[in-house]
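To find a chain, count down the sequence lines: A is the first, B the second, and so on, and within it residues start at 1.
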Amino acid sequence: MGIPPPDWKKAESALCGWYRKNARDLPWRQDPSPYKVWISEVFLQQTQVKTVVSRYQQWMSRFPDTESLAAASEDEVARAFEGLGYYSRAGNLHKTARVLMEKHGGALPGDMDTLRGLPGIGPYTAAAIASIAYGQDAAAADANVERVIARFADAPFPMKSRDGQKILETVLASLLPPDRAGEFNQAMMDLGALVCTPKAPACHACPLAPWCLSLARNTVAARPVRAPRPKTTAIEVAAAVIRRGEAVLVQKRPEGGRMAGLWEFPGGKLEPGETPGEAVVREIREELALTVVCGKKLISIRHAYTRFRVHLHVFECVLSPPGQTPVANAASEIRWASRGELERLAFPAADRRLVRLLEETRGSSL
DNA sequence: CAATCGTGGGG
DNA sequence: TCCCCAAGATT
């Protein structure tokens, strides 16, 4: 690596000095408790800080502690998590809250191994909680830290690779100051977020610049080495708005798959050669055992999730004959939801957009 | 261990 | 419009 670890003591010192002046003022850093650290770290998994801040504050006012979270219903927790993505996180927070109440007196454990055993807490989150909330010597390596180390050590391979993980582990073990891991971890993350950014990093303002190998070698722009991204797939989907008086028919997605536990408007993917209108009639028959006539098209919604680009065609559909009773073939639950209920249930982003449209156009020709 | 799981913002 | 990306966990 070319740089003797003794010199890195100064690097660590420079980093933490920088952090004391430049630390971001984030809600979960004010009067931190293990609960706050846990919730914020789970929210921040693969999710940008800006997105998390306001949602975190709403969550805290509704679920101020483990006890209130454990006592809530699944739908309530899902609704509080709506829009954040990767929804298994919501279910795992709920499960862990209940485990904590039953087995740990409502408190989060402080040791890495016990933390790792809790749903939704992996290596990063366990290290973050142990170091930040309990002052233990654990290095928490998120995407920010990986990027900083990739540049610092000029790693010529993806950080997810075996070689990358080895470099990460070695360098962090050398840099990590005993008894100040929490501060160090947060300093690394803030450095990655504010200075050592993915594009156009501010190397002139970086406290680690004197030791940064990729800066010396002029390879900063090429670090970290990116693993190739999976290709995105375009899919066409049709969904139905079926009314009964003031209510509309919605269904809850079963456990295990995408958007598990969230509610949605019934529908599904078009089969080859099918029009959206034909698809929605077929899907409603298969999913709900209902015979419908496809009416007016309400809206076309484009959205992207994971590796899919979805084009969603939404139709007003009418039961024919009227008065049929739906059967939950594809859902864990179905419900005729009133306006107030639509507000309380958790929907994926695209379906929430549709709910808003229905509310805006209520009373009009729709 | 590679694949899977969302979303919103920016270029 | 499209691509890139951002405080990971799970299987």
Side-chain angles (χ1 to χ4, degrees), chain A residues 23-24 26-29 32 36-56 78 81-93 95-96 115-129 131-133 139-149 158-162 164-165 168 182 184-194 196-201 224 226-235 253 255-262 264 301-312 346-353:
Chain A
R24 287 174 291 177
L26 300 169
W28 45 91
R29 287 181 176 172
K36 288 184 188 177
V37 175
W38 169 43
I39 299 300
S40 64
E41 292 300 342
V42 171
F43 271 47
L44 286 161
Q45 290 168 6
Q46 298 289 283
T47 310
Q48 293 182 334
V49 170
K50 191 194 296 181
T51 305
V52 167
V53 169
S54 66
R55 304 302 304 278
Y56 168 85
F81 208 84
E82 187 190 283
L84 288 169
Y86 291 124
Y87 295 107
S88 63
R89 290 185 289 173
N92 285 336
L93 282 172
K95 284 179 201 156
T96 290
L115 285 166
R116 278 300 309 275
L118 295 167
I121 297 184
Y124 164 76
T125 305
I129 295 171
S131 65
I132 298 170
D142 71 337
N144 283 311
V145 178
E146 288 188 358
R147 184 173 58 255
V148 172
I149 298 301
M159 296 305 282
K160 297 295 181 195
S161 69
R162 199 171 291 280
Q165 289 296 302
L168 192 64
F184 172 81
N185 287 333
Q186 294 182 86
M188 289 287 282
M189 291 187 242
D190 276 25
L191 187 70
L194 300 174
C196 195
T197 49
K199 284 169 288 187
R226 297 283 176 199
R229 280 192 161 260
K231 290 174 190 168
T232 58
T233 311
I235 55 177
R253 296 184 60 90
E255 293 307 310
R258 284 193 288 271
M259 322 273 196
L262 272 66
E264 67 176 5
I301 296 174
R302 293 177 190 279
H303 68 118
Y305 66 91
T306 63
R307 59 188 188 84
F308 299 101
R309 298 187 312 277
V310 178
H311 188 185
L312 175 64
F347 289 92
D351 294 78
R352 178 58 71 189
R353 285 175 60 187

message = Please give the distance between the P atoms of C:dT11 and B:dG6 as a whole number of Å.
response = 14 Å
A:R307 atom CZ is separated from C:dC4 atom C1', nearest whole Å, by 18 Å
Note to self: What's A:R55 touching, base or sugar-phosphate or nothing? Going by heavy atoms closer than 4.0 Å.
What the structure shows: nothing
Would you say A:T125 reaches C:dA7's phosphate, i.e. side-chain N/O to OP1/OP2 under 4.0 Å? no
| Are A:W28 and A:F43 close enough that some pair of their side-chain heavy atoms sits under 4.5 Å apart? | no
Under 3.5 Å, side chain of A:E41 to main-chain N/O of A:T125, donor-acceptor pair present? no
Rounded to whole Å, CZ of A:R302 lies from P of C:dC2 at a distance of 7 Å
Taking every heavy atom of A:G192 against every heavy atom of A:N144, the minimum-distance pair comes out as C-OD1, 3.4 Å
Nearest-nucleotide check on DNA chain C, A:P119 vs A:V49; residue mapping nearer the 5' end is A:V49
When rounded to whole Å, the CG to P distance for the pair A:L118 and C:dA9 reads 12 Å
Classify the side chain of A:R24 and the base of C:dA7 as holding, or not holding, a donor-acceptor pair under 3.5 Å. yes
From CG of A:L44 across to C1' of C:dG8 the rounded distance in Å is 11 Å
Rounded to whole Å, NZ of A:K160 lies from P of B:dT4 at a distance of 17 Å
Distance, P atom - from C:dA7 to B:dT4, rounded to whole angstrom
23 Å
Here the distance between atom C1' of C:dG8 and atom CE of A:M159, to the nearest Å, is 15 Å
May I ask you to say what A:R29 touches in the nucleic acid, namely base, sugar-phosphate or nothing, with a heavy-atom cut-off under 4.0 Å? base
Here the distance between atom P of C:dT11 and atom CD of A:E255, to the nearest Å, is 13 Å
**Message:** Is it true that A:R29 and A:S40 share a donor-acceptor pair across their side chains at a distance under 3.5 Å?
**Reply:** no
Rounding to 0.5 Å, atoms CE (A:M189) and CZ (A:R147) come to a distance of 12.0 Å
Letter by letter from the 5' end, nucleotides 6-11 of chain B scores (B base, S sugar-phosphate only, - none; protein heavy atoms under 4.0 Å) BBBSS-
Test: A:D351 and A:R253 ion pair at under 4.0 Å:
no
Whole-Å distance, A:F81 CZ to B:dC5 P, equals 16 Å
* Asked: Do A:Q186 and A:R24 have a side chain donor and acceptor closer than 3.5 Å?
  -> no
